[in-house]
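Everything on this sheet refers to the single structure shown next.
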There are 2 protein chains.
Amino acid sequence: MKKVSLKDIAKKAGVSTATVSYVLGNKKCRVSEATKQRIREIAKELNYQPNQIAKSLKSGKTYTIGLIVADISNPFFANLARVIEDEAAKYDYTVIFGSSDESAQKSWKLIQFLQNRQVDGFIIVPTENSEYQIEYLQQQKVPFVLLDRYFPKLSTTNVVINNFEVASTMVNDLMKASQKKIGMIAYKNSLIHMEERIRGFQEASKATEKFIERVNFNAIETEVELALDKLIKNGVDALFFATNSLAVAGLRVLQKNNIKIPQEIALASFDESEAFEFFYSPVSYIQQPIKEMGECAVQLLLNKINTGGTEEKTEKLTAKCVFRKSTQK
Amino acid sequence: MKKVSLKDIAKKAGVSTATVSYVLGNKKCRVSEATKQRIREIAKELNYQPNQIAKSLKSGKTYTIGLIVADISNPFFANLARVIEDEAAKYDYTVIFGSSDESAQKSWKLIQFLQNRQVDGFIIVPTENSEYQIEYLQQQKVPFVLLDRYFPKLSTTNVVINNFEVASTMVNDLMKASQKKIGMIAYKNSLIHMEERIRGFQEASKATEKFIERVNFNAIETEVELALDKLIKNGVDALFFATNSLAVAGLRVLQKNNIKIPQEIALASFDESEAFEFFYSPVSYIQQPIKEMGECAVQLLLNKINTGGTEEKTEKLTAKCVFRKSTQK
DNA sequence: CTGAAAGCGCTTACAG
DNA sequence: CTGAAAGCGCTTACAG
């Protein structure tokens with residue numbers, strides 16, 4: 001069954017494709033009501049579906065957004081992707097997305113791929129060492145918004161949260177359950193969001209003896225285990241995890257070693273996880289405003305796309321702390 | 001910065017766009033090596049990126065798959081989507097997906113939307129009352145594969161699992177911890193996968209007194225609480241959940257009511273969840289072969305797309321039981 | 001009031 | 001060995 005096109009309708013109605021296009025597009029043009037009626041009926045009868053590809057080629061617009069997240073297997077990014085899709089759908093935009101898995105190389109491939117598909121703009125959670133990709137997009141005058149992280153040296157439009165402030169608030173609470181030694185497990189990653197979380201930890205834990213372990217994204221299970229062993233040997237009685245994935249790996253180790261939470265070690269983490277709720281001592285966590293983040297990113301991007309505006313600004317949203325048993329002595 | 005097209009390269013090289021197309025497409029044609037060289041250099045210099053939209057319009061192929069899942073917020077479908085994306089990417093296909101949220105109306109909108117975007121084929125987790133949509137696709141001769149569920153009355157290509165067998169295996173194990181009364185919580189949903197799971201439960205729990213509660217997808221938290229209350233009043237000492245989402249809602253209630261697992265009530269569930277691992281009494285579950293399911297669906301679909309084959313077959317994959325504390329007395 | 005024509009960026013059968 | 005031309009399915013400025 002061949003797809004029906006404007007031509008088929010035009011032939012059947014005995015008019016030109018131009019007329020059909022005008023009528024179905026509801027463009028104002030002086031076509032007799034009778035003709036309009038007839039065209040609409042035939043379109044319905046043939047179940048005409050306009051070809052978006054042809055429309056896009058003509059208009060240069062695809063109503064498509066390219067989204068690149070850092071790790072789609074992490075519920076934080078999966079939820080973010082979902083919010084972004086829903087928000088974009090409100091404006092009849094489709095989201096095509098990919099996961100860079102924190103690899104700049106993969107991110108570059110995705111950018112090229114999505115650009116070939118003529119996306120109208122990008123929302124990007126940038127990876128380490130991907131500055132040149134961002135500069136490329138700037139130079140190509142492609143509209144984009146950075147999310148979750150950004151490069152302080154580049155002037156871009158960003159949607160981020162108050163990593164420093166919220167991390168120090170949470171660590172302050174955590175320290176109420178700590179005697180003197182506090183540890184943090186973070187990623188080996190120089191990006192701003194991670195640095196800010198660490199800075200917040202250091203700020204809050206000032207007077208205390210503190211230890212920071214940094215693990216590789218690609219070997220999280222083994223390296224978190226090693227890091228925890230080290231911290232426990234150092235006698236920490238409180239732990240702050242920089243992300244949910246680090247915390248879940250950590251819980252696994254703590255559970256295996258039968259460590260009492262919060263009596264022996266008190267805990268808190270960035271991000272959420274179903275595991276936090278069902279762990280025998282529910283884990284305190286920092287809740288990022290995922291819905292607002294996604295919505296804000298879409299709004300800013302569509303604004304750029306539609307107005308061609310070049311003004312760059314950074315939206316700093318507010319994450320909040322959810323205190324539970326794991327930080328109470 | 002205007003995107004560079006074949007025309008730009010052609011002009012700069014002093015040849016026709018046809019020649020450029022031939023050279024860059026590596027089509028065999030007799031063009032002097034010198035010209036080829038020159039064209040390639042210019043393309044590189046201008047950072048030429050072919051316009052996929054134009055290619056698609058010409059070829060009628062978009063190298064795009066439309067995926068419709070039932071509930072993207074469920075990790076089962078999120079993982080499935082991920083596997084499908086990865087597998088499709090191996091063959092240079094992009095996946096565009098949407099979530100029907102178990103609504104036939106939403107599913108229909110998605111199908112139309114994706115068809116306008118000229119996807120080459122569909123992978124669909126069908127909802128209740130969406131037979132007509134499937135029949136429509138058949139009649140339009142659009143290649144598609146059904147996943148997770150199917151309509152016994154329609155002859156389609158399906159990828160499913162052994163719901164009946166694996167459910168009865170799990171319930172058999174569960175009953176070792178039960179004295180006489182066993183309950184099941186399922187969705188109010190007439191689709192085959194749900195019916196098969198229930199049938200498996202009934203088959204295995206033959207001699208036992210049994211209770212089945214069915215809840216609405218749209219009011220899961222409240223209805224699971226009511227269902228559980230009812231089952232507990234009926235004195236069940238074992239529970240089988242038909243999906244992970246039902247189980248997680250159930251765990252929340254059981255935890256709140258301080259019910260000892262497995263001493264007072266033994267548990268098992270379909271699907272996985274991080275919650276199962278960290279619940280104080282780790283939950284036994286049925287593990288679906290997500291990777292195989294996704295890969296199989298992509299393979300079958302691409303096969304249909306590329307060969308235009310019309311043979312329909314059903315692949316029945318094997319889920320397996322993972323036994324943990326929650327089913328041991 | 002309506003339609004022929006050009007054009008979006010490609011590909012490819014065909015002509016020279 | 002190379003290029004003009006047609007065409008994929010639309011839209012729209014323009015002519016009649």
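Within every chain, numbering begins at 1; the chains are lettered A, B, ... in the order of the sequence lines, protein sequences first and strands thereafter.
Between A/D8 atom CG and D/dC8 atom P there is a gap of 11 Å when expressed in whole angstrom units. Residue B/Q52 contributes atom CD, which lies 10 Å from atom P of C/dC10 at whole-angstrom precision. If you take NZ of B/K11 and P of D/dG3, they are 16 Å apart, rounded to a whole angstrom. Distance A/Y63 OH to D/dT11 P: 11 Å, rounded to the nearest Å. Here D/dG9 presents its C1' atom at 7 Å from CG of A/L6, a figure rounded to the nearest Å. Rounded to an integer number of Å, the gap from A/L57 CG to C/dC10 P is 9 Å. Note: CG (A/N51) to C1' (C/dC8) measures 13 Å, nearest angstrom. Protein atom CD1 of A/I9 is 13 Å distant from nucleotide atom P of D/dG9, rounded to whole Å.
You'll find the ring centres of B/F97 and A/F97 inside the 6.0 Å limit.
When the salt bridge (Lys or Arg N to Asp or Glu O under 4.0 Å) test is applied to A/D101, the partners found at least two apart in sequence or on another chain are A/K106, B/R82. In this structure, A/Y150 has no ring-ring contact (aromatic ring centres under 6.0 Å, His included) partners at least two apart in sequence or on a different chain. With sequence neighbours excluded, the residues satisfying ring-ring contact (aromatic ring centres under 6.0 Å, His included) with A/Y136 are A/W108. Contacts of A/E312 classified as salt bridge (Lys or Arg N to Asp or Glu O under 4.0 Å), with partners at least two apart in sequence or in another chain: A/K304. Legend: residues meeting salt bridge (Lys or Arg N to Asp or Glu O under 4.0 Å) with B/E128, ordered by chain and number and at least two apart, are absent. With sequence neighbours left out, B/F217 forms a ring-ring contact (aromatic ring centres under 6.0 Å, His included) with B/Y187. Taking the side-chain contact (heavy atoms from CB on, under 4.5 Å) definition, one finds that A/Y93 meets it with A/K61, A/Y63, A/I65, A/A88, A/Y91, A/D120, A/L302, A/I305, A/N306, sequence neighbours left out. Residues that satisfy the ring-ring contact (aromatic ring centres under 6.0 Å, His included) test with B/F77, not counting sequence neighbours, are absent from this structure.
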Where do N or O atoms of nucleotides 12-16 of chain D meet protein N or O atoms at under 3.5 Å, pair by pair?
| from | atom 1 | to | atom 2 | distance (Å) |
| --- | --- | --- | --- | --- |
| D/dA13 | N7 | A/Y22 | OH | 3.3 |
| D/dA13 | N6 | A/Y22 | OH | 2.6 |

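An OP1 or OP2 oxygen of C/dC8 is reached within less than 4.0 angstrom by a side-chain nitrogen or oxygen of B/K7. Contact annotation: A/S56 does not reach the phosphate of D/dC10 (side-chain N/O to OP1 or OP2, under 4.0 Å). At D/dC10, one or more side-chain N or O atoms of A/Y48 fall inside 4.0 Å of OP1 or OP2 (strictly under the cut-off).
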Note, DNA chain D 5' to 3' with Watson-Crick or G-U pairs under 3.5 Å encoded as ( ), [ ], | and . gives |||.||||||||.|||
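Among B/Q112, B/Q115, B/Q140, the one residue that satisfies the side-chain hydrogen bond (donor to acceptor under 3.5 Å, both in side chains) test with A/Q49 is B/Q112.
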Evaluation steps, side chain to side chain donor-acceptor pair (under 3.5 Å), between B/T94 and A/R117
CA-CA 10 Å; B/T94 310; A/R117 299 256 165 179; 3.3 Å; yes
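Non-hydrogen atoms lying under 4.0 Å from DNA chain D are contributed by nothing in residues 36-44 of chain A.
If you check C/dG9, D/dC1, D/dC10 against the side chain of B/A54, the one that comes closest is C/dG9.
Nearest-nucleotide assignment on DNA chain D puts the 5′-proximal partner with B/S16, out of B/S16 and A/K55.
To the nearest whole angstrom, the two C1' atoms, one in C/dC1 and one in D/dC10, are 22 Å apart.
At the heavy-atom level, A/S59 lies nowhere under 4.0 Å from the strands shown.
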N/O donor to acceptor pairs below 3.5 angstrom from side-chain atoms of residues 36-45 of chain A, sequence neighbours left out:
| from | atom 1 | to | atom 2 | distance (Å) |
| --- | --- | --- | --- | --- |
| A/R38 | NH1 | A/A13 | O | 2.7 |
| A/E45 | OE2 | A/K12 | NZ | 3.1 |

